[in-house]
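In this text the structure is predicted, and so the values were computed from the model without any measurement. In listed order, ligands and their atoms are each counted from 1.
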Amino acid sequence: MTQTYRAIVIGGGVVGCSVLYHLARAGWTDVLLIERAELTAGSTWHAAGGFHTLNGDPNVAALQAYTISLYEELEKMTGQSCGLHLVGGVQMADSPERMDFLRMAHARGRYLGMETELITPSEAKAMFPLMDESHFVGALWDPVEGHLDPSGTTHAYAKAARMLGAQIELRNPVHELTQDPDGIWNVVTQNGTYRAEHVVNAAGLWAREVGRMVGLELPVLAMEHMYLLTEPMPEVIEFNETMGRELIHVIDFKGEIYTRQEGKGILLGTYEKAGKPWSPVNTPWDFGQDLLPPDLDRIAPSLEVGFRHFPPYERAGIKQIINGPFTFAPDGNPLVGPVPGLTNYWSACAVMAGFSQGGGVGMVLANWMTEGDPGHDVFGMDVARFGDWATLRYTNAKVRENYSRRFSIRFPNEELPAARPHLTTPLYDLMRAQHAVMGDTWGLETPLWFAPSAAEAQDIHSFGRSNDFPHVGAEVRAVRDSIGVTEIANFAKYEVTGPGAEAFLDRLMTNRVPKPGRIVLTPMLNHAGKLIGDFTIARAGPERFQILGSLAATKYHLRWFQQHLPGDGSVQVRALGMDLMGLSIAGPKSREVLAALVDEDVSNQAFRFMDYREMDVAGAPCRVNRISYTGDLGYEIWMPPEYQRRAYTAIKDAGAPFGIRDFGMRALLSMRLEKNFPTWFGELRPIYGPVEGAMERFVAWQKPDFIGREAALRERDQSPRLRRVSLIIDAEGADAIADEPIWAQVAEDFGTITPPHSYGPARFDAAGNQQPTPHPSVSGDWRVVGWVTSGGYGHHVGLSLAQGYLPAALATRSDPDLFEVEILGQRRPARIALDPPFDPQGTRMRS
Ligand SMILES: Cc1cc2nc3c(=O)[nH]c(=O)nc-3n(C[C@H](O)[C@H](O)[C@H](O)COP(=O)(O)OP(=O)(O)OC[C@H]3O[C@@H](n4cnc5c(N)ncnc54)[C@H](O)[C@@H]3O)c2cc1C
């Protein structure tokens, strides 16, 4: 009988080797890595080896910090050098907008424990004298940045894994994967068939092909990427000799280039606008350790700017141009985790920054495989964050867009245009005809706001309040004063049916299962008692439930539902997707409008707050929830797509006497802020527990059992460290968005902020003097104590609002002068709103 491995990792690049090491470290030592050629034979061997901590997603940034902290440990353990050059780096801003972007990154770093610092162009030049600082307005210094030897690092992971008992087999391509009825995988290779409980796709450039072995089309595409190496340069040699150290790393956003010292010369890489996909449909199996032909014309525009910004570069001789492919997902983040719909098939691919992220990816995947949970908030890299709509051509368009924008600013109100419109509802053209500015949620076009004319129907991108501000305000006022209608197709909708449905939901959800015709709101927890979902559940019948949740989390949630289905077939879960369209009417006149369209009694007594009923609305068979995320009187009306236009038109006609107005997602989000309602992904995420998230009133503590109950009880009884709060900010022209630090004038260190890292180098001034890095989260008698999770303007209450997390001990302090929120580098006074600014008693939605 052949051995059955606990896991087989396919692919010996930096990611596969990291996964193998982390599995072995977690105690799974009967694991095997199979590599078709040699270790590093995919993208890894020709990488530039750069690493950094900064990332737009704070959770991914934390995993990047982990990766970098691992290298010295690996070197110590194995004796294998990773060739580390921890030199620090600067990101150069050439415009006020880019400076705002860097200010935000710096502010976010304050609570992530990063020792970043905003510096002047001259200070940056002191550390990198080859630049012409007159092109720049400022810079962000990050000490935790550098480069390494890609091959040495991969071999260090591999050696460490072997030392812990893992095995590696080289020169053995995997040809086929099949699964026995008992779940065991047969990994069919050139050298024979191996058996394993789990398989990990870490096949890098061939991840798509290894996905196809099990009928999976992973949204991943390789792009060509070029960097060049110069001959030794006198300016570099002189700097090294006089200063006794290496040049730092530089990112020049305007030139779309990154650059650093390599040997006695310079390395310069580009993320050019005209990026080129490599092998867009099939990756050739005979691609060896090959490079692609360089194409200097393609990167010429970037080089031109580069030569102006770094004048000595123009005089340097080019020693070598590297052009190699590496892979991306549509949003540029990795695809990690258990693939929904398959058993024990794990993804560790699309890792575009293997030397910043490979360690974090290996660690969370190993946690997930060995303990059932990644142990971190990894939604930003979860393979389940894309749906089946992320097809080959969609991926191609989005990856090219993402590549070309790698060094572009993404504004908070910016919707990216590639591959759109992709999914549309029957109302799409009607919305557009009414000058809707559309956004993309999980591939689906959704109205964000409505402009007065076609010419005005576009966002002017900004970090501050923008051109939508007065129009969103008018939409909010229409709802609060009379009535508005909006499309809500961008919710996830599930139907759970069968004799076991009630017990199934009772175990998964923290709240009680509703009685027929009633609705409950309920969080869902993982086994560690952390929030992994937030749902509205309506009971349509004894064995039939309709569940509404976050559209972007559809696959993430379906995976959890399917993993917990009883084996006896007594429960069916179906995602309704585009089979169910939604409209929401809200505002004090919404009952009158609904009454005009139905043949039923919808009075407050007959159709109560949190009731569910199936009824015809304007002749369309609908499911109606009496509930509204606006916090006003309102109804969510669900129908088959073929009835949606009819229902919408009838609502508009019936609402006309009341001045009904279309409103979009931005107005909806403004109104929910006025009610202190949280959002999934914003306030509610798997790093918080239900008490921290202020969701305890949706937890039925008396229920004898539900997943995460023990941990949630511990959290409740041992006083959680954090607490979600709502804040009113004295803002000016720009509201909080997310990830802004919250300062407090307090002496106590509550321990809720990650302490600054201490493994980066100090920075130097022009005279070569080391500069002390100011503690980023303390200033005078103020300190950073928390962070914002979402924010915006409450147009009805006329207040700038935000939600975020604070140490629980501060969360009930409504003193007016205690807090400040740092928005675009300015600390603005803020106070806690203990009660919702709009309708604190909740009478509007109930009456
Ligand atoms: C020019 C260039 C510069 C770069 N610069 C940087 C940088 O500065 N910093 C950074 O972090 N990243 C950089 N990268 C990206 C980096 O190379 C990747 O993030 C990283 O290599 C991904 O590693 P991987 O293990 O996922 O994939 P790969 O390195 O592609 O490894 C996959 C492995 O799987 C094996 N395999 C595939 N299919 C099979 C099969 N069926 N059976 C057995 N084995 C199989 C392959 O042979 C290969 O060895 C750069 C990339 C390029 C091209």
Worksheet item: Is it true that Phe51 lies under 4.0 Å from ligand 1, counting heavy atoms only?
Response: no
Item to complete: Using a 4.0 Å heavy-atom threshold (strictly under), name the region of Met352 that reaches ligand 1: side chain, backbone, both or neither.
Response: backbone
Worksheet item: Please state which protein non-hydrogen atom is closest to atom 47 (O) of ligand 1 and give its distance, to 0.1 Å?
Response: Glu35 OE2, 2.7 Å
Worksheet item: What are the atoms of ligand 1, with element, lying closer than 4.0 Å to any heavy atom of His225?
Response: 1 (C), 2 (C), 3 (C)
Worksheet entry | Protein contact to atom 27 (O) of ligand 1 [nearest heavy atom, distance to 0.1 Å] | Gly204 CA, 3.3 Å
Discussion item. For Pro325, which part has a heavy atom under 4.0 Å from ligand 1: side chain, backbone, both, or neither?
Written reply: backbone
Practice prompt. May I ask you to identify, for Trp45, whether its side chain, its backbone, both or neither come under 4.0 Å of ligand 1 on a heavy-atom basis?
Written response: neither
Worksheet item: Which ligand 1 atoms, with their elements, are less than 4.0 angstrom from a heavy-atom of Tyr227?
Response: 1 (C), 3 (C)
Practice prompt. Indicate yes or no: at least one non-hydrogen side-chain atom of Phe355 is less than 4.5 angstrom from one of Pro150.
Written response: yes
Response to the item:
Output for pair (Glu209 CD, Arg212 CZ), nearest 0.5 Å, gives 5.0 Å
Worksheet item: Does CZ in Arg245 sit with more than 12 non-hydrogen atoms of other residues, nucleotides or ligands closer than 6.0 Å?
Response: yes
Discussion item. Which residue and atom name correspond to the protein heavy atom nearest atom 21 (O) of ligand 1, and how close is it?
Written reply: Thr44 OG1, 2.9 Å
Worksheet item: Side chain, backbone, both or neither: which part of Ala207 has a heavy atom under 4.0 Å from ligand 1?
Response: neither
Worksheet item: Are His249 and Phe128 an aromatic pair by the rule of ring centers under 6.0 Å?
Response: no
Response to the item:
Residue, atom and distance of the protein heavy atom nearest atom 22 (C) of ligand 1 read Val351 O, 3.6 Å
Worksheet item: Is Ala47 close to ligand 1, meaning an N/O of one under 3.5 Å from an N/O of the other?
Response: no
Practice prompt. Number the atoms of ligand 1 from 1 as they appear, then name those within less than 4.0 Å of a heavy atom of Pro173, with their elements.
Written response: 42 (N)
Worksheet item: CG of Asp388: more than 12 outside heavy atoms within 6.0 angstrom?
Response: no
Practice prompt. Please write down residue, atom name and distance for the protein heavy atom closest to atom 5 (N) of ligand 1.
Written response: Ala48 N, 2.9 Å
Discussion item. What I'd like to find out is whether the side chain of Gln3 reaches to under 4.5 Å of the side chain of Leu32, using heavy atoms alone.
Written reply: no
Discussion item. To the closest 0.5 Å, what do you measure between CD (Gln91) and CZ (Arg98)?
Written reply: 8.0 Å
Response to the item:
d(Tyr271 OH, Phe407 CZ) to nearest 0.5 Å is 6.5 Å
Worksheet item: Say you draw a straight line from NE2 of His106 to CZ of Phe101; how long is it, rounded to the nearest 0.5 Å?
Response: 14.5 Å
Discussion item. Please check whether Gly324 reaches ligand 1 - meaning an N/O of the residue sits under 3.5 Å from an N/O of the ligand, judged on distance alone.
Written reply: no
Worksheet item: Any idea which atoms of ligand 1 are less than 4.0 Å away from a heavy-atom of Gly12?
Response: 33 (C), 34 (O)
Discussion item. Whether Lys319 and Glu231 form a salt bridge (side-chain N of Lys/Arg under 4.0 Å from carboxylate O of Asp/Glu) is what I want to check.
Written reply: no
Discussion item. Applying a heavy-atom cut-off of 4.0 Å, say which part of Trp206 lies close to ligand 1: side chain, backbone, both or neither.
Written reply: side chain
Worksheet entry | Numbered atoms and elements of ligand 1 in range of Val15, under 4.0 angstrom, heavy atoms | 23 (O), 24 (P), 25 (O), 26 (O)
Discussion item. Checking a contact table here: which protein heavy atom is nearest atom 39 (C) of ligand 1, and how many Å away?
Written reply: Arg36 CD, 3.7 Å
Worksheet entry | Glu73 with Lys76: basic N within carboxylate O range, under 4.0 Å | no
Practice prompt. Mark up the atoms of ligand 1 that fall under 4.0 Å of a heavy atom belonging to Trp285, in ascending order.
Written response: 38 (N), 41 (N)
Item to complete: Taking atom NZ of Lys273 as the centre, report whether more than 12 heavy atoms of other residues, nucleotides or ligands fall under 6.0 Å from it.
Response: yes
Practice prompt. Would you mind running through ligand 1 and noting each atom that sits below 4.0 Å from a heavy atom of Ala202?
Written response: 32 (C), 34 (O)
Discussion item. Only heavy atoms of Leu205, strictly under 4.0 Å: list the atoms of ligand 1 that pass.
Written reply: 30 (O)
Item to complete: Among all protein heavy atoms, pick the one closest to atom 53 (C) of ligand 1 and tell me residue, atom and distance.
Response: His46 CE1, 3.1 Å
Discussion item. For ligand 1 and Ala37, I'd like to know whether there is a polar contact (N/O to N/O, distance under 3.5 Å).
Written reply: no
Worksheet entry | Residue part near ligand 1, for Ile10, under 4.0 Å between non-hydrogen atoms | side chain
Discussion item. Could you identify the single nearest non-hydrogen protein atom to atom 31 (O) of ligand 1 and state the distance to 0.1 Å?
Written reply: Gly13 CA, 3.5 Å
